[in-house]
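Beneath this line is the structure, given in structure tokens, with notes to follow.
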Amino acid sequence: MSERRKPYPFDILEPKWQALWEERNVFHAPNPGEAGFDPARPKYYVLDMFPYPSGTGLHVGHPEGYTATDIVARYKRFRGFNVLHPMGWDAFGLPAEQYAIRTGQHPEITTAQNIAHFKKQLKRIGFSYDWEREVSTADPRFFRWTQWIFLRIYHSWFNPETRRAEPIATYQGDDPDSVRLAYVAEVPVNWCPELGTVLANEEVIDGKSEVGGFPVVRRPMRQWMLRITAYAERLIDELEPLDWPEGIKLLQRNWIGKSEGAEVKFAVADRDEAIAVFTTRPDTLYGATYMVLAPENPFVDRLTTSEQQAAVAAYRAEVSAKSDLERTDLAKDKSGVFTGAYAVNPTNQERIPIWIADYVLMGYGTGAIMAVPAHDERDLEFARQYGLEIREVVAESPGSARDSRAGAGDSPATVPPGSIPGGTFPAGSPETARESRALPTLGDGCAINSPVIDGLPTSEAKHRITAWLEEQGLGRRTVNYKLRDWLFSRQRYWGEPFPIVWRDGKHETIPETELPLVPPPLDDFKPTGSGEPPLARAQDWVRYSDAASRELNTMPQWAGSCWYYLRFCDPGNSGRFVGHVAERYWMGGAKNESEGTPTVSKGAATIPNNSASSVRGGVDLYVGGTEHAVLHLLYARFWHKVLFDLGQLSTLEPFQRLVNQGMILGEDGRKMSKRWGNVIDPLDVIAEYGADAFRCYEMFMGPLEQMKPWSMTGVEGVSRFLARVWRLVMEENQEGQWLLSETVQAVEPTRSQLKVIHATIKKVGEDIEALSFNTAIAQMMIFVNAFTNPGSARDSRAVSGDPAGNSLRGSPEVAGESPAPARESRALPGIRSFPVASLRTLLVLLNPFAPHLTSELWETLGAKFPISPAVITEHAWPEYREEYLIEDEVEIPLQVNGKVRDRVTVPIDATSADLGAIALANTRVQEFIAGKTVHKVVVIPKKLVNVVAN
RNA sequence: GUCGAUGUGGCGAAAUGGCAGACGCAACGGACUUAAAAUCCGUUUUCGCGAAAGCGAAGUGUGGGUUCGAGUCCCGCCAUCGGCACCA
């Protein structure tokens, strides 16, 4: 009584169908070889980015992508595909551990509770996941294989010859540990003494910990690293053919940051030593007037003169106190110190001073640069600050001059390409040049004041000087990447332990038979404070043997998500991380296998690169948020490639098609957060409007990839639409019971109804393929409006050309005077009638969006109009017939000079000549061309006529 | 700074170079009702003229351009959002 009246009884029918689906295991997809598997059907793997089961539960943002994939999954099933549509949990993670630290509650318990809550929410939305395939990254049956994959990575190296990972046994060198894809290194980390732990860069703000605001220092620690940089080139190349948003591809490419250039050796003056620098502009070598080393560069210790010792030490101390963020944040002023030493410019033997400055990073290139202040903004700023020489060696090339900034006489624009500009440019007087031009040339131009390459355009100059350097043994062509190796260890409890033990200071692996290696039980999850991970507390566990002890670090949260999509293919396999047959079936190329089975592990014979087409495939559709555009998607691609190279997988890439859903904002247009009090809980919405309305609204809001604000009244609108569908089939009697409506009859649809039906079949199918769900729903609304409303102005367009008049439904008065109903059966006189077959068509089209409502109505219709199969989901997707879409007549706008002046209805096959004549004869057109000369009549048959006159 | 995305009614949004605003929300008017809710019908880009049907003009952030024709293609600019940020 107190409850608001429901527009239709979703609160009863939705749980009913959800229970039924679960009971009958309707959405289980059998694997090849299992009972019920139909090999004749093509496969379709549609995947969501699995969630971290946080304590707060789902919000309306999660189900946006999930609804999209669910619609595709249900649609593909109708289309006859074997559909793999799984869900699982990214269950290791910091929040559970921090909660454990605060409360003493074991993370396993809180995680299990959170998972249960998430699962309940997902089931209430009616997603068609195959729950038999559910996995959790924190489950030993799962992370056993995460550890196993780590061992594969550990036992491999990247062979630059074959450009692929190979077992370490194929490595011929004498130090295998130096080439392993998993290795140990001392790297600087963000150490927070107060919290007793290492923090990720994102967790450090202005040199303080995000949590608590404690100071954070940089400190070198022994860490596990994965050699992802070996794959930099392939991660770029093999990204190309994927069906991903261009923006995401670009983001990955930029993250990897490939740049081509040269490494150049500069001799140190008066010493038998040389420092290599990396530059992308070897053509500016003559303009290198000083050199800069990163403060951490080991050369600094050796080079610094005694007079400069104190200044250098002070500067290095100052720099090391800064966090990464402080150091790179803001466009702060350049700072640096002279070392007292000099290098020799290899082109002209000039002595140039060697400085140190924190604008040079130790981690990129060689940690040293040649500074060319005339042609690099940063070097220029630094040179100006410390009064270093600026020498111009590139002039703007003819034609590319931005402005006439220089006087005509000395303008390099007068230099003919290829000639030596000595006469026209004031060579040897860089100061003059500087003053006459406001800025140095930062872009391409042509070389000047550079004997070996004078007059050459930049690109050619680069080649020439690099060749010259190689001849002289002073340098070589090189490629550099921004991408760094992946810091793979964490000092945490709630993560996968490494299958590694230490003996005599050396790492070695534990046997595979000892997997899974589960974390020890602990009561205290806090870091130890000494920098040792919490696992150190479990002394019994740590002790592996008399001589060996376990690795104490755990893997980062990314580890499980790097391969979970593979486990979904074969989640119960206890002998392998994924069975070959299952993997080849679900991950294989979607097309036929006619080109032969993908090449797998035939020794070193196949080099994966450039043969991408033979190993194409992967997840057919992967939907998730942009926040994973780089890290997760890059890490997963990396692991996948290693496993592929080692012959464990059949495809080169994990995710063939990727789509990012946009963020859903609160009703106030702000990001949803507790702080603004604008968070929407899906369960609240479902309680009020039902899961079907929730799903449809999520899709009707706008394009999937766009950011868009939530609107409760919008949900109401979609709910009204679903209620209209309900009332198309059902009517309420005096007692308030819903019964099958008398108006539903076994009649043939009218011609105009057929047109709407087939237009809807076409549009909904195409729109789902294109993930344009909002317009698919709009079209179904048009369908329902057409069936519900007696001929109204708004559907005049939809029914134009309908010889039956403009009513779509057999309302008595119209049906009486209309010859419309096709052939045999007609509406009973006096009763408006809806053809049952047409309603069934609508129910199938709508089923992926509103599965509960449509299942219920299908069943109800079946009671009076029996049909087999009795369950909607076992039916085929309807096919549209072009013949019903074709019009006899078409309305053509008549334009004069591009403006519509009238419209005429003409037969569909009217010729251009006819149309032109009709237009010119039209009185409205005549009005507007009166007194003008007609120059041209543009006729687009079936579209429009445009008379050009003036 | 730089790369990318976006900019269309009061709002969410539609529109293979061819009738801008489909579909929905909100608002307003009407029917039904004792009344309300629900439901159904209708109006709704702006400005001008008209009693009205209607007629005209302008209109997709902004300035140019290409085209018979531009929301859509090209060039410049502005704004909002997002990523990266001394990568030599």
Side-chain angles (χ1 to χ4, degrees), chain A residues 4-7 245-248 250-251 253-255 257-259 261 277-281 284 292 294 327-332 334 357-361 363-372 375-379 381-382 480-484 626-627 629-630 662-663 665 669 671 696-697 700-703 705-718 720-721 723-724 727 772 774-782 784-785 788-790 792-794 797-798 891-903 935-940 942-949:
Chain A
R4 190 193 138 112
R5 207 179 155 290
K6 308 269 189 285
E246 273 314 310
I248 302 295
L250 202 67
L251 228 52
R253 264 184 235 119
N254 290 343
W255 186 266
K258 176 179 181 173
S259 58
V277 302
F278 173 73
T279 177
T280 54
R281 293 295 303 271
T284 62
V292 186
R327 195 168 147 177
T328 59
D329 213 25
L330 318 165
K332 62 177 174 56
K334 297 271 178 294
D358 67 354
Y359 81 93
V360 174
L361 310 172
Y364 184 78
T366 60
I369 63 157
M370 64 179 212
V372 185
H375 306 291
D376 181 282
E377 223 170 344
R378 297 151 302 181
D379 297 343
E381 198 188 320
F382 191 80
N480 245 301
Y481 299 93
K482 278 201 272 190
L483 185 69
R484 307 296 159 78
T626 346
E627 66 273 20
V630 178
M663 204 193 322
L665 305 172
K671 208 167 161 171
C696 288
Y697 176 67
F700 188 62
M701 291 172 81
E705 307 191 39
Q706 196 166 298
M707 188 193 292
K708 43 210 178 286
W710 187 265
S711 155
M712 265 323 173
T713 54
V715 185
E716 223 167 299
V718 173
R720 273 202 279 270
F721 158 67
R724 276 213 294 280
R727 291 196 309 268
S772 177
N774 54 330
T775 51
I777 293 172
Q779 179 62 34
M780 289 187 279
M781 286 172 167
I782 290 171
V784 172
N785 288 344
T788 319
N789 305 347
S792 58
R794 72 214 290 190
R797 218 194 271 189
E891 194 185 57
I892 300 267
L894 304 180
Q895 298 184 334
V896 177
N897 294 332
K899 288 203 166 85
V900 180
R901 296 306 179 182
D902 204 0
R903 300 166 212 281
H935 292 282
K936 198 171 173 183
V937 180
V938 180
V939 181
I940 313 294
K942 300 177 201 177
K943 286 282 184 192
L944 100 177
V945 181
N946 187 16
V947 179
V948 186

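In what follows, chains carry the letters A, B, and so on, assigned in the order in which the sequence lines appear, proteins first and then strands, with residues in each chain numbered from 1. We use all heavy atoms of the structure for the numbers below, so side chains are in, but hydrogens, waters and symmetry mates are not.
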Please state the [atom1] separation for the pair [N] and [M] - nearest whole angstrom.
N	M	atom1	answer
B:C68	B:G30	C1'	45 Å
B:G1	B:A58	C1'	40 Å
B:C11	B:A26	P	15 Å

Within the structure shown, what part of the strands sits under 4.0 Å from [X] by heavy-atom distance: base, sugar-phosphate, or nothing?
X	result
A:M370	nothing
A:T626	nothing
A:L251	sugar-phosphate
A:L944	base
A:T775	sugar-phosphate
A:R253	nothing

- Is there a Watson-Crick or G-U wobble partner for B:C68 with both distances under 3.5 Å, and if so, which one is it?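 When the pairing criteria are applied, B:G18 turns out to be the nucleotide that pairs with B:C68.
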- Query: With both distances under 3.5 Å as the test, what is the Watson-Crick or G-U wobble partner of B:G12?
  - Reply: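 B:G12 is paired, partner B:C23.
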From [atom1] of [X] over to [atom2] of [N], roughly how many Å is that when rounded to an integer?
X	N	atom1	atom2	value
A:R720	B:C25	CZ	C1'	8 Å
A:Q895	B:G17	CD	P	17 Å
A:E627	B:C84	CD	C1'	17 Å
A:K708	B:G82	NZ	P	16 Å
A:I369	B:A88	CD1	P	11 Å

- Query: Should B:G9 be called syn or anti, with syn set as within 90° of 0?
  - Reply: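 That one's syn.
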- Under 3.5 Å donor-acceptor, A:D379 side chain and A:V372 backbone: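 Yes: the side chain of A:D379 pairs with the backbone of A:V372.
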